[in-house]
**Student:** 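Sharing a structure, written as structure tokens. Questions coming.
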Amino acid sequence: MWQIRPGLDTIKSYHVPDIAWPVKLDANERAGELPPKVQAAITARLAAIAANRYPEIGQHSLKQALSEGLGLTPGNIAVGNGSSEVLAALCRVFGGPGRKIVYPSPSFSMYPIYCLLADSRPVTVELDAGFVLAPEKVFSTALQEQAALIILCVPNNPTGGAMPPEAIEYVVAGARCPVVVDEAYIDFAGNSVLGLLGKYPNLIVARTFSKAFGLAGARVGYIAASRDIIDLVGKVLLPYDVNAFSLAAAAVAWELRAEFAAGIAATVAERERVAAALKELPAIEVFPSAANFLLVRSARAGELASFLASRNIGVRDFGKAPGLAGCLRVTVGTAAENDAFLAATEKFIRGEV
Ligand SMILES: *Cc1c(COP(=O)(O)O)cnc(C)c1O
């Protein structure tokens, strides 16, 4: 028999159906195409890339642009293939055999995978009723378990709620380990804790270009943290890791970030419109969201997901995930996509099908 790495048999692969839904509300991607100005600038920038050359070894152009915008230095930034890769790198830096990594549940389904791939032990803190995370519980669990790393997801995927900055600061200030705040959806919420980086050397902020910035296909994400942490992450990320095309696309999106403001505001307004319309329906519960998706709960969620699928609308069914029985996550799409979702859902709930 082959000698497979010990522990690999305990890891479930990440599995989502790969369906090109005409109304695709299953992956929290940006609603609609890129702003035309951004699309044109990316196309032009990509055309000028010398593909025979390796990308910049230090990813300096993107780090320089990010750090200027964020009021940091390039040495405070690490870039990866999506924030996924940088989060996984953090688990490799601080985790290892016997090390414990604390994160909430339900939350992002990749956290246990990053954790186990780093041979670390996942320790979950359950959300309370209404999917609220109690900072005291995170604090006391981390202390008790002598956690090596804490991951907070703000706003939390897939529940949508956002821990207030004071609650995050309470955890960061008290923790005896680094705390990474995954801000994948922060552009839809506001209240970033990035401003606390100077005060807490154990704080790490993770961001991505995959959601509000519409570059899910490019796979670029980053963390901002103290130089010490960035240097450690640099040891586990491979050189020339992120390709030149993706680095260039992200740099353009960041330079032109003002172009995304209108789309983000529209998504937030649509989120509130869809939530209000769902609240009018019987037998379906909708949770408050600070992100670009809504979590809904219904006794007939599975059937609803199938009905939506029959109408070419893809949503994410979390019914089998721990703590999420009867829950669907619906990405906020364009107004037309949201209308299609609302019309179909209303038909189903009112029993007209
Ligand atoms: C989408 C997402 C990410 C980032 O994904 P990448 O595409 O790898 O940058 C990170 N955390 C959460 C909670 C997400 O939902």
Side-chain angles (χ1 to χ4, degrees), residues 13-16 18 24-31 34 59 62 66 77-92 101-115 117 122 124-125 127 131 133 149-163 168 179-189 192-194 204-225 233 237 241-243 245-247 249-250 253-254 260 264 267 271 289-295 315-316 318 321 324 327 329-332:
S13 15
Y14 182 76
H15 182 79
V16 286
D18 192 9
K24 195 172 182 315
L25 305 179
D26 64 345
N28 298 344
E29 295 145 328
R30 173 185 153 88
L34 289 175
Q59 303 156 329
L62 180 57
L66 285 169
I77 312 266
V79 177
N81 285 288
S83 51
S84 296
E85 190 180 46
V86 203
L87 290 166
L90 286 169
C91 291
R92 298 220 299 284
I101 299 180
V102 168
Y103 54 84
S105 173
S107 188
F108 191 34
S109 56
M110 285 302 294
Y111 297 152
I113 298 179
Y114 305 145
C115 185
L117 279 174
T124 54
V125 179
L127 302 189
F131 297 127
L133 179 58
L149 180 68
I150 298 170
I151 308 175
L152 299 175
C153 187
V154 187
N156 190 46
N157 178 12
T159 58
M163 246 180 146
I168 301 170
V179 180
V180 53
V181 181
D182 182 350
E183 292 193 339
Y185 301 97
I186 202 68
D187 303 278
F188 304 103
S192 169
V193 291
L194 202 111
I204 305 163
V205 175
R207 300 251 183 103
T208 177
F209 282 92
S210 299
K211 308 288 163 51
F213 286 93
L215 289 181
R219 313 293 305 119
V220 186
Y222 62 95
I223 55 166
V233 169
L237 289 174
D241 201 17
V242 185
N243 71 78
F245 299 92
S246 295
L247 287 172
W254 183 253
F260 290 90
I264 291 167
T267 294
R271 175 185 78 207
S289 171
N292 67 337
F293 55 82
L294 289 164
L295 190 77
V315 300
R316 181 91 182 262
F318 278 93
L324 294 171
C327 288
R329 190 194 65 196
V330 185
T331 305
V332 178

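One-based numbering, in listed order, for ligands and for the atoms of each. Below, all heavy atoms of this structure are taken into account, side chains as well, without hydrogens, waters or symmetry copies.
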**Student:** For atom 4 (C) of ligand 1, which protein heavy atom lies nearest, and how many Å away is it?
**Tutor:** S83 OG, 3.0 Å
**Student:** Which residue and atom name correspond to the protein heavy atom nearest atom 1 (C) of ligand 1, and how close is it?
**Tutor:**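 Going by distance alone, atom 1 (C) of ligand 1 is nearest to K211 NZ, 1.3 Å.
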**Student:** Contact between ligand 1 and M110 is defined here as a heavy atom of the residue under 4.0 Å from a ligand atom; is it met?
**Tutor:** no
**Student:** Short list, please: which atoms of ligand 1 are under 4.0 Å from a heavy atom of A184?
**Tutor:** 2 (C), 3 (C), 10 (C), 11 (N), 12 (C), 14 (C)
**Student:** For atom 8 (O) of ligand 1, what is the nearest protein heavy atom, given as residue, atom name and distance?
**Tutor:** S84 OG, 2.5 Å
**Student:** Calculate, to the nearest 0.5 Å, the distance between atoms CG and CD belonging to D241 and Q59 respectively.
**Tutor:**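 Here the rounded value is 7.0 Å.
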**Student:** S210 heavy atoms, cut-off 4.0 Å: which ligand 1 atoms fall inside?
**Tutor:**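 Taking each heavy atom of S210 in turn, ligand 1 has 6 (P), 7 (O), 9 (O) under 4.0 Å.
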**Student:** In the protein, what heavy atom is nearest to atom 11 (N) of ligand 1, and what distance, to one decimal place, separates them?
**Tutor:**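 Of the protein heavy atoms, D182 OD2, 2.6 Å lies nearest.
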**Student:** Which heavy atom of the protein is the closest neighbour of atom 15 (O) of ligand 1, given with residue, atom name and distance?
**Tutor:** Y185 OH, 2.6 Å
**Student:** Taking only residues two or more places apart in sequence or in another chain, which ones pass salt bridge (Lys or Arg N to Asp or Glu O under 4.0 Å) with E29?
**Tutor:** K24
**Student:** To the nearest 0.5 Å, tell me how far N292 CG sits from L25 CG.
**Tutor:** 10.5 Å
**Student:** Under 4.0 Å from ligand 1, counting heavy atoms only, is it the side chain of E85, its backbone, both or neither?
**Tutor:**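 Neither part.
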**Student:** May I ask you to check whether F293 and Y185 place their ring centres under 6.0 Å from each other?
**Tutor:**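 That pair passes the under 6.0 Å test.
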**Student:** Which of the numbered atoms in ligand 1 are below 4.0 angstrom from a heavy atom of C153?
**Tutor:** 13 (C)
**Student:** Numbering the atoms of ligand 1 from 1, which are under 4.0 Å from a heavy atom of G82?
**Tutor:**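 It comes down to these atoms of ligand 1: 6 (P), 8 (O), 9 (O).
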**Student:** Given M163 and V181, is the side chain to side chain contact (heavy atoms under 4.5 Å, CB included) satisfied, shown in steps?
**Tutor:** CA-CA 10 Å; M163 246 180 146; V181 181; over 6 Å; no
**Student:** Look at the rings of W254 and Y222 and say which category their plane angle falls in: under 30° parallel, 30 to 60° tilted, over 60° perpendicular.
**Tutor:**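 Because their plane-to-plane angle is over 60°, the rings of W254 and Y222 count as perpendicular.
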**Student:** Between R316 and N28, is any side-chain donor less than 3.5 angstrom from a side-chain acceptor?
**Tutor:** no
**Student:** Going through the distances and angles, do V154 and I168 end up as a side chain to side chain contact (heavy atoms under 4.5 Å, CB included)?
**Tutor:** CA-CA 9 Å; V154 187; I168 301 170; 3.8 Å; yes
